Amino acid sequence: MKKSAFLLIVLFLFSTISQAQLLSERTKGLVVIGGEMFTDFNTGKHYDNFKLRSINQGVSVYSMFNFPINKSPHTASIGFGFTSHNYYMKSAYLLTPYNDVAQFADVIYDYKRSKINVNYIDIPIEVSFKIVDKFKISAGFKFGILTSGKSKYIGEFYNDDKEYHVKMCKINNLEKYVYSLTFRFAYRSVYLFGAYQFSDTFRNGKGPEISPISIGIGVRPY
């Protein structure tokens, strides 16, 4: 199921590039739509019973409004978008999502998945430079507004060989606003993506320090 969902996301991102390219051509490149897949690596400090696995996949979609810099091929851009982060925990689950302070408990039985999902509406700002034909680099800043946070656990709770599905639809102690630095290196419509969120995902002292570095691949019209 996980592989099928991942494949559908890949197909969606790459199939929409033709429609996005058409929009870009109609607006003479002043409006573009893009999407990216990435994995998060946490740079925060140790927190009791909390440790992420190596791959924490997420997705992002956005639209940018481009403003040419004088008569050069370079542009300044501002836009809006949506980003979803998935933080997969190793042998632990979020025990107190509704409390003032997040606490995590060890998983002592078999489990399939334990994660925190956090979603943001984004306001990205960036400057793009066309360095040589077909190559472009972009650097910028992204402001994220929290829309939802939830936790999910699939696995055993007791030694009864039963699989439980537990979903908590709200986490009380997440930061409402996050800030990230972004970077892209593009060849035509495909680019490598990097971002560093220098603000914490949880409120200070109310949960683990999750300040992710996101690395992935994206597509948008050239």
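Keep in mind the model is a prediction, meaning the values are calculated, not measured.
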Is there side-chain contact between [X] and [Y], with at least one heavy-atom pair below 4.5 Å?
X: Y153; Y: V107; value: yes
X: F82; Y: I121; value: yes
X: Y88; Y: Q57; value: yes
X: S151; Y: V166; value: no

Backbone of [Y] reached by a side-chain donor or acceptor of [X] within 3.5 Å:
X: D106; Y: A92; answer: no
X: S60; Y: E36; answer: no
X: N172; Y: Y98; answer: yes
X: R184; Y: A186; answer: no

Establish whether V32 and L192 are linked, either directly or via other cluster members, by ILVMFWY side-chain heavy-atom contacts under 4.5 Å.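 Different hydrophobic clusters.
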In residues 69-76, what donor-acceptor pairs under 3.5 Å come from side-chain atoms, sequence neighbours left out?
from: S72; atom 1: OG; to: I69; atom 2: O; distance (Å): 2.7
from: S72; atom 1: OG; to: H74; atom 2: N; distance (Å): 3.3
from: H74; atom 1: ND1; to: K130; atom 2: N; distance (Å): 3.2

Do R220's NZ or CZ and the ring of Y191 fall within the cation-pi criteria of under 6.0 Å and 45°? yes
Parallel, tilted or perpendicular, judged at 30° and 60°: which one describes the rings of F104 and Y47?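 Rings of F104 and Y47: perpendicular, as their planes differ by over 60°.
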My understanding is that only residues two or more places apart in sequence, or in another chain, count here; which of them pass salt bridge (Lys or Arg N to Asp or Glu O under 4.0 Å) with E175?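 If we apply the salt bridge (Lys or Arg N to Asp or Glu O under 4.0 Å) test to E175, skipping adjacent residues, there are no hits.
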Between side-chain atoms of residues 138-149 and protein atoms elsewhere (two or more places apart, or another chain), which donor-acceptor pairs fall under 3.5 Å?
from: S138; atom 1: OG; to: S128; atom 2: OG; distance (Å): 2.7
from: K142; atom 1: NZ; to: T83; atom 2: OG1; distance (Å): 3.4
from: T147; atom 1: OG1; to: N119; atom 2: O; distance (Å): 3.1
from: S148; atom 1: OG; to: N119; atom 2: ND2; distance (Å): 2.8

Co-members of the apolar cluster containing Y109 [side chain, <4.5 Å]: I108
Once side chain to side chain donor-acceptor pair (under 3.5 Å) is applied, do any residues pair with [X], and if so which ones, sequence neighbours excluded?
X: N86; value: K115, N117
X: S114; value: none
X: T201; value: Q197

Strictly by salt bridge (charged side-chain N to carboxylate O under 4.0 Å, His left out), give each pair with a member in residues 84-94 just once, sequence neighbours left out.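 Residue pairs with at least one partner in residues 84-94: there are none.
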Determine which pairs satisfy salt bridge (charged side-chain N to carboxylate O under 4.0 Å, His left out) with at least one residue from residues 143-165, sequence neighbours left out, and list them in order. K112-E163
Please evaluate residues H85 and F38 with respect to the criterion ring-ring contact (aromatic ring centres under 6.0 Å, His included), reporting the C-alpha separation (whole Å), side-chain torsions for both, the decisive distance (0.1 Å), and the verdict. CA-CA 9 Å; H85 296 269; F38 58 85; 5.3 Å; yes
Can you sort out the partners of F41 under side-chain contact (heavy atoms from CB on, under 4.5 Å), two or more places apart, ordered by chain and number?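 side-chain contact (heavy atoms from CB on, under 4.5 Å) check on F41 returns T39, I215.
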Restricting to pairs with a member in residues 52-72, which pass ring pair (Phe, Tyr, Trp, His ring centres under 6.0 Å), not counting sequence neighbours? none
N/O donor-acceptor pairs under 3.5 Å from side chains in residues 205-213, not counting sequence neighbours:
from: K206; atom 1: NZ; to: D100; atom 2: OD2; distance (Å): 2.7
from: S211; atom 1: OG; to: D200; atom 2: OD1; distance (Å): 2.6

